[in-house]
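To find a chain, count down the sequence lines: A is the first, B the second, and so on, and within it residues start at 1.
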Amino acid sequence: MKEYTNDQFSVGSKFHTKFILTDKLAKNLIESLSIVFQNGKALPAALFSTFINPTLKALGGRFPQGSIHLKQTVEHFGAPFVGDEYEVEVLIADKYVRKGRDYLVWETIFKKENQVICRQESTFLLSFASNQ
Amino acid sequence: METKYVSEVYNIPQDKLNQFAEASGGTGKIHIDPEYASQTSFGGTLVHGVLLFALIEKELEFRFPDWHQKGTLKATFVKPVRAGADFVICLEQNQNIEMDVTVICEEKTVVSGKAFIAK
């Protein structure tokens, strides 16, 4: 899979994909997080934070090896359910270089039937922990 | 919620990291390749930031039934958490409507943040 570089992104550019929360994916994520939940059919909202694949798919690649997660914000407006189909929008919110290092900030919005269900902002330091 | 809450001790071993990586798509070598990670400045594989974040949310969601509709969490990953390291999640009501959120590993703050429920 192609690795991103900061050069390929312009601040303000948007990327889109669709994403279905399958029963298998929900079970795998819940099991990997050891979450026990008792909220009817609603799944834990925490799952939204773990939906990495849709962002990668929207951006068309993967982060360079050794990239480090620095900051994360999430706002919830509804619970996820098995079978939900989300429109995913990834906005490049900022990118900058500090001390020769590339930083990338993006916002991810999950919409269900045109309603925003979850909004996230992520800040990554690219290629920090490269092999020495 | 009581003024201050400290979670059970969490520990994410390598096999659990691998399981999470496969399920989430977070398959960076720094998380799943011990040989690669041992040659970086971190000296070993790291727990995903989003995994830590999701565990914080799990604690918040357990205590606040409206979390999935109105919850907001902002966190900074201050230091890395190595695979197999013990850590706890602390939630503390501050003087505002927010809660202070910290993750403590080896007596150091590794995640620092704020959480609140919108009115």
Review point. In terms of heavy-atom proximity below 4.5 Å to chain A, should B:Leu46 be classed as side chain, backbone, both, or neither?
Key: side chain
Practice item. Considering non-hydrogen atoms only, spot the tightest contact between B:Trp67 and A:Ala45 and give its length. Key: CD1-CB, 4.3 Å
Review point. Are more than 12 heavy atoms from other residues, nucleotides or ligands located less than 6.0 Å from atom CD of B:Glu22?
Key: no
Check your understanding: Which atoms form the tightest heavy-atom contact between B:His68 and A:Ala79, and what is the distance?
Key -> CD2-CB, 3.4 Å
Review point. What is the distance from atom NE2 of A:His76 to atom CD of B:Glu61, rounded to the nearest 0.5 Å?
Key: 7.0 Å
Revision key, fill the gap. Ranking B:Phe53, B:Tyr10, B:Phe20 by heavy-atom pairs under 4.5 Å to chain A gives rank one to B:Phe53
Review point. Would a hydrophobic clustering, with Ile, Leu, Val, Met, Phe, Trp and Tyr connected at side-chain separations under 4.5 Å, put A:Phe19 with A:Leu43?
Key: yes
**Study point:** Options A:Leu33, A:Ile68, A:Asn28, A:Thr55, ranked by heavy-atom pairs under 4.5 Å with chain B, top entry
**Key:** A:Leu33
Point to revise | A:Thr50 vs B:His48 side-chain heavy atoms within contact, under 4.5 Å | key: no
Study note, to complete from the structure: Between B:Ile30 and A:Gln65, the two heavy atoms sitting closest are N-OE1, 4.4 Å
**Study point:** Most contacts with chain A, counted as non-hydrogen pairs under 4.5 angstrom, among B:Asp66, B:Leu17, B:Ile12, B:Thr27
**Key:** B:Thr27
Review point. Would a distance-only check, ignoring hydrogens and angles, find a side-chain to backbone donor-acceptor pair under 3.5 Å from B:Lys58 to A:Pro44?
Key: no
Review point. Which atoms form the tightest heavy-atom contact between A:Ala46 and B:Ala54, and what is the distance?
Key: CB-O, 3.5 Å
**Study point:** chain A contacts, top residue of B:Lys74, B:Gln19, B:Lys16 (heavy-atom pairs, under 4.5 Å)
**Key:** B:Gln19
Study note, to complete from the structure: Ordered numerically, the heavy-atom neighbours of chain B under 4.5 Å found in residues 112-126 of chain A are none
Point to revise | Between A:Thr73, A:Asn53, A:Leu29, A:Val74, the one whose heavy-atom pairs under 4.5 Å with chain B are most numerous | key: A:Val74
Check your understanding: According to a 4.5 Å side-chain heavy-atom criterion applied to Ile, Leu, Val, Met, Phe, Trp and Tyr, with indirect links allowed, do B:Phe64 and B:Leu55 form part of one hydrophobic cluster?
Key -> yes
Review point. In terms of heavy-atom pairs under 4.5 Å, which option from A:Gln72, A:Glu31, A:Lys71 contacts chain B the most?
Key: A:Gln72
Check your understanding: Of the listed residues (B:Asp33, B:Val50, B:Asn18), which shares the most heavy-atom pairs with chain A below a 4.5 Å separation?
Key -> B:Val50
Review point. Can you name the nearest heavy-atom pair linking A:Ser49 to B:Glu57, along with the distance?
Key: OG-OE2, 2.7 Å
Review point. When hydrophobic residues are tied together by side-chain contacts of less than 4.5 Å, even through go-betweens, does B:Leu60 share a cluster with B:Tyr5?
Key: yes
**Study point:** Portion of B:Ser38 that has a non-hydrogen atom of chain A nearer than 4.5 angstrom
**Key:** neither
Review point. Is the count of non-hydrogen atoms from other residues, nucleotides or ligands lying under 6.0 Å from B:Glu106 atom CD greater than 12?
Key: no
Check your understanding: Measuring heavy-atom distances to chain A, does B:Phe42 have an atom under 4.5 Å in its side chain, in its backbone, in both, or in neither?
Key -> side chain
Review point. Do B:Ser41 and A:Phe128 have side-chain heavy atoms sitting under 4.5 Å apart?
Key: yes
